[in-house]
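Chain identifiers are assigned alphabetically (A, B, ...) following the order of the sequence lines, protein sequences preceding nucleic acid strands; residue numbering begins at 1 within each chain. Scope of the values below: all heavy atoms of this structure, side chains included, with no hydrogens, waters or symmetry mates.
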There are 2 protein chains.
Amino acid sequence: MTNIKDIARLAGVSVSTVSRVLNNYKHVARDKRESVLRVIEEMNYTPNKNAIDLIRGETRTIGVILPYNNNPAFDQILNGILNKALEHDFSITVLPSIYSKEKEVEYLKKLKSKLYDGIIITSRANDWETIIPYTGYGSIVSCEYTQHKEIGCSYMDRYSSYLDAFQLLKNKGHYAVAFTTARIESNSTKQMIGAYKEVFGEFQPKYHISGCLCLEDGYKAAEHFLHLPERPTAVYANGDEVAGGIYLYAKSQQLKIPADLAIIGQENQPIGIGMGITTVDHQLTKIGEQAFSLVIKKSREKVKIPYHIVERDSV
Amino acid sequence: MTNIKDIARLAGVSVSTVSRVLNNYKHVARDKRESVLRVIEEMNYTPNKNAIDLIRGETRTIGVILPYNNNPAFDQILNGILNKALEHDFSITVLPSIYSKEKEVEYLKKLKSKLYDGIIITSRANDWETIIPYTGYGSIVSCEYTQHKEIGCSYMDRYSSYLDAFQLLKNKGHYAVAFTTARIESNSTKQMIGAYKEVFGEFQPKYHISGCLCLEDGYKAAEHFLHLPERPTAVYANGDEVAGGIYLYAKSQQLKIPADLAIIGQENQPIGIGMGITTVDHQLTKIGEQAFSLVIKKSREKVKIPYHIVERDSV
DNA sequence: GTGAAAGCGCTAACAT
DNA sequence: ATGTTAGCGCTTTCAC
């Protein structure tokens with residue numbers, strides 16, 4: 001492994017001169033610069049980035065905590081982050097958490113250990129109280145709103161989006177409305193139930209199924225909903241793939257969409273376009289892009305991204 | 001920033017002792033170990049990972065070169081890689097290339113600069129000749145077959161899968177068959193055309209559209225195909241989302257699937273399940289998992305992953 | 001079992 | 001304009 005010392009020796013200059021040409025400093029004599037450049041070329045030399053990161057104390061790398069690594073919603077956020085990272089010449093390291101508190105803390109420790117300049121939390125298992133101390137070691141941005149002033153947020157107003165979706169259903173005359181969520185313990189679920197109550201007055205647990213991530217989960221959820229004595233006339237799915245599964249099961253039961261069952265999905269994914277499913281687009285790619293911008297600016301702003309409903313034929 | 005020296009001083013031991021407890025060495029007196037641990041706790045100390053990586057010459061990080069960061073096929077590969085990385089406690093850094101030769105070389109240089117222990121190339125713009133020299137700096141694994149012995153491969157037999165797909169169509173009586181690909185200059189496209197010729201004898205350029213990545217691209221491709229004087233009776237799409245777009249356009253023209261137009265997609269994505277599209281599943285998640293295993297073993301094996309066709313209602 | 005000291009490869013302050 | 005040198009924070013001989 002050839003290092004900066006070797007280059008200096010071979011070029012007949014000091015290491016600082018080599019360092020200067022490496023970093024495009026002005027005050028280097030043309031001939032020395034050229035000779036250094038030639039030796040670098042000859043020796044096929046590349047500086048050790050770890051040494052540089054050690055000295056500079058920064059890595060131009062951002063860690064992104066993702067609960068699932070095969071989920072289309074989080075892929076959209078990641079996509080937005082990568083778009084911007086490419087633009088700004090930053091690297092992105094993906095940190096899969098599977099909602100494990102320990103994993104999350106492990107990743108935050110990596111921020112502390114100077115591996116990343118900042119971290120984007122797309123979703124989290126830990127309390128903010130355990131996360132916030134790590135803001136001392138790098139910028140931390142969340143894709144979910146929090147009032148904590150130490151945390152930058154690129155988020156959208158979930159509650160309000162849920163309200164809109166349920167209201168849309170109610171306006172169409174639906175009162176027996178079911179819905180699915182991903183994690184029973186999540187904020188989203190809480191907000192969803194809250195919005196449900198606000199729109200429909202009361203919430204019946206039988207109309208809610210949690211643990212829905214993919215098409216198959218939606219299929220099973222529909223199986224449950226549609227065999228209820230008072231079967232729902234509409235369902236709001238937490239994702240278009242889940243919605244697709246619901247659609248499929250409903251069809252398998254000879255139900256007409258939307259006449260017999262209305263369906264709304266989320267995130268405006270290809271499957272929703274393909275199947276004609278009405279969806280609320282949370283603009284996750286934009287959320288990712290904005291999150292990246294905040295994290296490299298070390299900004300603690302709270303930026304709200306607007307969502308919008310895309311009406312198709314399933315409602 | 002408190003460092004190992006501070007801990008040593010405060011614990012009344014030498015830095016080497018601190019290092020020993022940090023790395024769980026045996027020969028450390030119980031009391032010294034405890035005192036060190038206590039000071040570490042008190043000072044809330046975390047070792048600087050860059051310094052460690054510098055010394056060790058390894059980072060337990062793998063770089064993954066991806067041409068697109070919003071493509072479901074590459075997301076599947078990445079998914080597989082992340083699964084295994086989590087299992088083996090490695091980090092994954094995503095390297096978006098948009099098929100730029102310069103970007104790719106930039107990433108390979110990062111391997112050389114010791115940022116990654118290895119690199120997985122999911123798809124590439126550069127010739128192997130320019131890539132291979134970098135195998136001197138870390139293990140390089142490809143998700144596409146190459147005979148070069150320096151490169152480990154986790155791949156599937158594309159040619160044979162194309163053959164199967166076309167043959168399936170031919171067996172169903174289709175002779176005017178169109179197809180889409182992503183990049184005109186790619187190996188996949190070449191192999192697709194080769195397979196086409198092998199099955200159907202001759203290849204007519206009007207039956208091929210390149211540059212297809214998403215649903216909308218498929219929609220436009222179908223628009224082209226279906227307005228041809230001799231319109232195709234079947235189309236093989238390079239992805240289920242593209243297939244979905246084709247499906248949608250065909251439907252918009254009152255065509256029946258598969259009676260008027262047969263459609264095969266690729267990668268067994270949710271949209272294909274939702275829309276009932278026959279697909280050839282290249283098992284990209286498994287390819288990603290295997291690629292990861294090879295790269296951390298620094299193996300140069302060529303591992304072929306079997307594909308399989310999932311028949312649904314579009315053929 | 002423990003510590004002193006030599007590096008890992010680089011940057012930057014300081015001197016010239 | 002250029003070189004010397006002191007670090008960055010850690011690991012790892014080597015000696016005791």
For DNA chain C, what residues of residues 31-46 of chain B have any heavy atom nearer than 4.0 Å? Lys32(B)
Whether Asn48(A) contacts dG9(C) is assessed here as follows: a side-chain N or O lying under 4.0 Å from the phosphate OP1 or OP2. Is that the case? no
Is Thr17(A) close enough to dT2(D) that one of its side-chain N or O atoms is under 4.0 Å from OP1 or OP2 there? no
Who pairs with Ser293(A) by side-chain contact (heavy atoms from CB on, under 4.5 Å), at least two apart in sequence or on another chain? Lys84(A), Gln290(A)
Report the distance from atom CG of Asn24(B) to atom P of dT11(D), rounded to the nearest whole Å. 12 Å
Run the numbers on Tyr68(A) and Tyr99(A) for ring pair (Phe, Tyr, Trp, His ring centres under 6.0 Å), then give the verdict. CA-CA 8 Å; Tyr68(A) 313 112; Tyr99(A) 281 119; 5.5 Å; yes
Whole angstrom is fine here: how far is it from CD in Glu58(B) over to C1' in dC8(C)? 14 Å
If the condition is salt bridge (Lys or Arg N to Asp or Glu O under 4.0 Å), which residues does Glu144(A) pass it with, not counting sequence neighbours? Arg124(A)
Can you tell me how far P of dA6(D) sits from NZ of Lys5(B), to the nearest Å? 12 Å
To the nearest angstrom, how far is Lys112(B) atom NZ from dG9(C) atom P? 14 Å
Where along nucleotides 11-16 of chain C does protein come under 4.0 Å, by heavy atom, of base (B) or sugar-phosphate alone (S), with - for untouched nucleotides? BBB---
For residues 33-41 of chain B, which side-chain N or O atoms pair as donor and acceptor with protein atoms under 3.5 Å away, sequence neighbours left out?
from, atom 1, to, atom 2, distance (Å)
Arg33(B), NH2, Tyr25(B), O, 2.8
Ser35(B), OG, Ala11(B), O, 3.4

What is the separation between atom CG on Leu54(B) and atom P on dG9(D), rounded to the nearest whole Å? 12 Å
Glu106(B)/Lys109(B) ion pair, N-O < 4.0 Å: no
Between P on dC10(C) and CG on Asn50(A), what's the gap in Å once rounded to a whole number? 10 Å
Rounded to whole Å, please give me the gap between NE2 in His27(B) and P in dT13(D). 14 Å
To the closest 0.5 Å, what do you measure between CD1 (Ile52(B)) and CD1 (Ile55(B))? 8.5 Å
CG of Leu115(A) versus P of dC10(D): gap in Å, rounded? 12 Å
Regarding Asp53(B) and Lys49(A), does a basic nitrogen lie under 4.0 Å from an acidic carboxylate oxygen? no
Nearest heavy-atom neighbours spanning Met156(A) and Lys304(A): CA-CG, 4.4 Å
Please identify each residue that fulfils ring-ring contact (aromatic ring centres under 6.0 Å, His included) with Tyr137(B), with sequence neighbours left out. none
